[in-house]
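The structure under discussion appears below in the form of structure tokens.
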Protein chains: 2
Amino acid sequence: MSNVTLKDIAEILGVSVTTVSKALKDYKDVKKETREAVRLLAEKLNYKPNPLALNLRNKESKTIGVIIPRIDHNFYSNVLNGIIEEAESRGYLVIILFSGDSAKLEKEQVELLKDKRVDGVLVAVATEAKEVDHLKELMRNNIPLVLFDKVVEDLKCSKVSIDDEKAAFDAVTYLIDSGCGHIAHLRGPLPTETYTNRYLGYKKAVEAAEIQFDPSLVYVSEELSFEDGYDLAKKVMSEHPEVDAIFAMTDLVAMGCLAFCKDEGIKVPEQVSIMGFSNWFMSRNSSPKLSTVDQPITLLGKEATSILINEIKEKKEDSRSLYRSVKLPTKVIARETTR
Amino acid sequence: MSNVTLKDIAEILGVSVTTVSKALKDYKDVKKETREAVRLLAEKLNYKPNPLALNLRNKESKTIGVIIPRIDHNFYSNVLNGIIEEAESRGYLVIILFSGDSAKLEKEQVELLKDKRVDGVLVAVATEAKEVDHLKELMRNNIPLVLFDKVVEDLKCSKVSIDDEKAAFDAVTYLIDSGCGHIAHLRGPLPTETYTNRYLGYKKAVEAAEIQFDPSLVYVSEELSFEDGYDLAKKVMSEHPEVDAIFAMTDLVAMGCLAFCKDEGIKVPEQVSIMGFSNWFMSRNSSPKLSTVDQPITLLGKEATSILINEIKEKKEDSRSLYRSVKLPTKVIARETTR
DNA sequence: TTGTAAGCGTTATCAC
DNA sequence: GTGATAACGCTTACAA
């Protein structure tokens, strides 16, 4: 059986609880033999300190909370991978809650975590979350907070995200360098910063190459779905037959484009290059294999967690440092849908 | 600010902590006015009981632990969806740990959860886990345990899984009913029960239709990858040109088969029907759209969690009931790769 | 070198 | 009606 307490050990050995506690923590003021005896018995009884008691005494839970919009999405499950690994290796447990991309639910989850006394919180803010009062409230309560993925600029806390603008810039520059001059861009819904940044990168790359920027080459996919990609590719090709490259803001949409081209007998990449975004594992399984942009997703989770835990430690030592803002670099993966 | 305690309220009101506690819990033996006053102030100060203290007192953590092989896999992230939702709605938080399909790591994670005093544990056992001593140890410690997905038969605890055998039986029967008589089966690696059950379902369906069972029509995919599907389809068609249907144990492999057929100009489903398994979201995005078997994955998570929490409650009341063993039913989704 | 006592926040028990 | 006390398991001044 388990659940051995200090008291149990103390009673068996006929010493006080204090002594047992000290012996186990290598206090110098306990006699060698006593210490040995205690350790031996503790080992034998498989003593493990009760974290519930420690939590209460130390006013910490050794737990961090994570709020993400959803989990059935490759991006977030990979981030979680990094978060959980990093947290575990540093002695923290992770509690996961979903916001379902609803500002209201996000607020409730923050509340729940606060009430549960987690030591710190990691949030990928909901798409529709404009208000950040609940996050400010967290900080007012002196609970370390780190934002990741979707980031709110005017909130004074650490942030970790992908450098979407540069990623898109690099991807489009790659297309241009490979000889494409009429590049269409399929972007995501407007209010989302991620997609706006990718769009901005596209625009800058085009302009940097001294190609006239043509707004009519930018299309919006609302659903970010395979079907959207298929339909939009059709639209692009009929409205702009001169197009020789499509840069889609996510792989699934790019694969829709690819399917359309195959169905229409449009040669990829000879006639039209296709560049995706995310390096989703399925992108390796298309034929031709999709070129895309790789994001260090797991690293994103690790990094955010590492910063958060550092802030938790700093808080305990009253040595608060400046908030960090990290943008992780990406890499263009040229496979077979680009020249 | 937060972190208001009973003591704070008591001091302000000039009553004892006991009275405050009672007032807040609707004890009948506290005067109406006192109760009102306490509640009002508690509300105003936004008092929230400190769960760390409650945990210690009640010897429970209101937390359940989950061990899964990995998270970057559609199946497990969907299960987690169900687990977290159900747990949250019943007042429990969820801690997630990975086994990486390693028996050794799984053992360590179980240990960690035990030390952390979670109230119950949910495990999808690692593929290579043959030994279950660590799980037995949990039960010896009287910590409720529910197994899900991969299940170990000779362990006395509740289990929730998909009825793989019946699912495969139904899928293959569908193929037979649609006129296929030479059905190849692509199964997963041998020691895994899931794949063996699907294989058994395939075999039974064939035999039930009085078709001579031919072991050479069964192929093993070690990697469960798209490429495996592609290569295996090639092998099947060259070794058994008479084959008019392929039943693959997972959608990704089925999509590999489909890609091979397309490349070779084999008409699907006219010449060869293809049936996948899992109803992975991408299966809707192939052309033709993949027929498959839908599994109630999120429900699996919900169900396992519900049973676990019930057992936790029963344990508190010393009213242990029998272990439940649930097999969730599946559904054949006939799309365009079957007749 | 060892032990006593207080405290973390809560609640159940028993006096008053 | 109300409150003092003990207890959950652990740590740490402070005494002895």
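Chain letters run A, B, ... following the sequence lines, proteins first, then strands; residues in each count from 1.
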So, is B:Lys59 close to the D:dG9 phosphate, meaning a side-chain N or O under 4.0 Å from OP1 or OP2?
-> yes
N or O in side chain of A:Thr5 less than 4.0 angstrom from D:dG9 OP1/OP2 | no
Describe the nucleic acid contact of B:Val15 in one word from base, sugar-phosphate, nothing, applying a heavy-atom distance below 4.0 Å.
-> sugar-phosphate
Spacing of B:Leu6 atom CG relative to D:dT2 atom P, expressed in whole Å = 16 Å
Contact class for B:Asp29 (heavy atom, under 4.0 Å): base, sugar-phosphate, or nothing?
-> base
Rounding to a whole Å, what distance do you find between B:Arg35:CZ and D:dG1:P?
-> 9 Å
Has B:Ser21 got a side-chain N or O lying under 4.0 Å from the OP1 or OP2 atom of C:dG9?
-> no
Between A:Thr305 and A:Leu122, is any pair of side-chain heavy atoms under 4.5 Å apart?
-> yes
Under-4.0 Å side-chain N/O to phosphate OP1/OP2 contact, A:Ser16 with C:dG3 | yes
Is the phosphate of C:dG3, meaning OP1 or OP2, less than 4.0 Å from a side-chain N or O of A:Thr19?
-> yes
Rounded interatomic separation in angstrom, taking CG from B:Leu54 and P from C:dA12 = 10 Å
Nearest-neighbour nucleotide for the B:Asn50 side chain, D:dT12, C:dG9, C:dT11 considered | C:dG9
Presence of B:Thr34 side-chain N/O under 4.0 Å of D:dT2 phosphate oxygens OP1/OP2 = yes
Specify the separation, in whole Å, of atom CG of B:Asn58 and atom P of D:dA7.
-> 17 Å
Distance-only polar pair, side chains of A:Asp8 and A:Tyr47, donor-acceptor under 3.5 Å = no
To the nearest angstrom, the NZ-C1' distance between B:Lys7 and C:dA6 comes to 11 Å
Closest-nucleotide ordering on DNA chain D, the 5'-leading residue of B:Lys31 and B:Leu56 | B:Lys31
Do any side-chain nitrogens or oxygens of A:Tyr27 fall under 4.0 Å of OP1 or OP2 in C:dG3?
-> no
For A:Arg57 and D:dA7, what is the distance between atoms CZ and P respectively, to the nearest whole Å?
-> 19 Å
Heavy atoms, side chains only, cut-off 4.5 Å: are B:Leu135 and B:Val125 in contact?
-> yes
Rounded to the nearest 0.5 angstrom, the CZ-CG distance for A:Arg90 and A:Asn310 is 4.5 Å
Check every strand shown and say whether A:Lys22 touches a base, only sugar-phosphate, or nothing at a heavy-atom separation below 4.0 Å.
-> base
Once you round it to whole Å, what is the distance between C1' of D:dT12 and NZ of A:Lys28?
-> 12 Å
Whole-Å distance separating the CG atom of B:Leu13 from the P atom of D:dG1 = 17 Å
Chi angles and distances behind the salt bridge (charged side-chain N to carboxylate O under 4.0 Å, His left out) call for B:Arg39, B:Glu36 | CA-CA 5 Å; B:Arg39 314 210 109 182; B:Glu36 304 277 86; over 6 Å; no
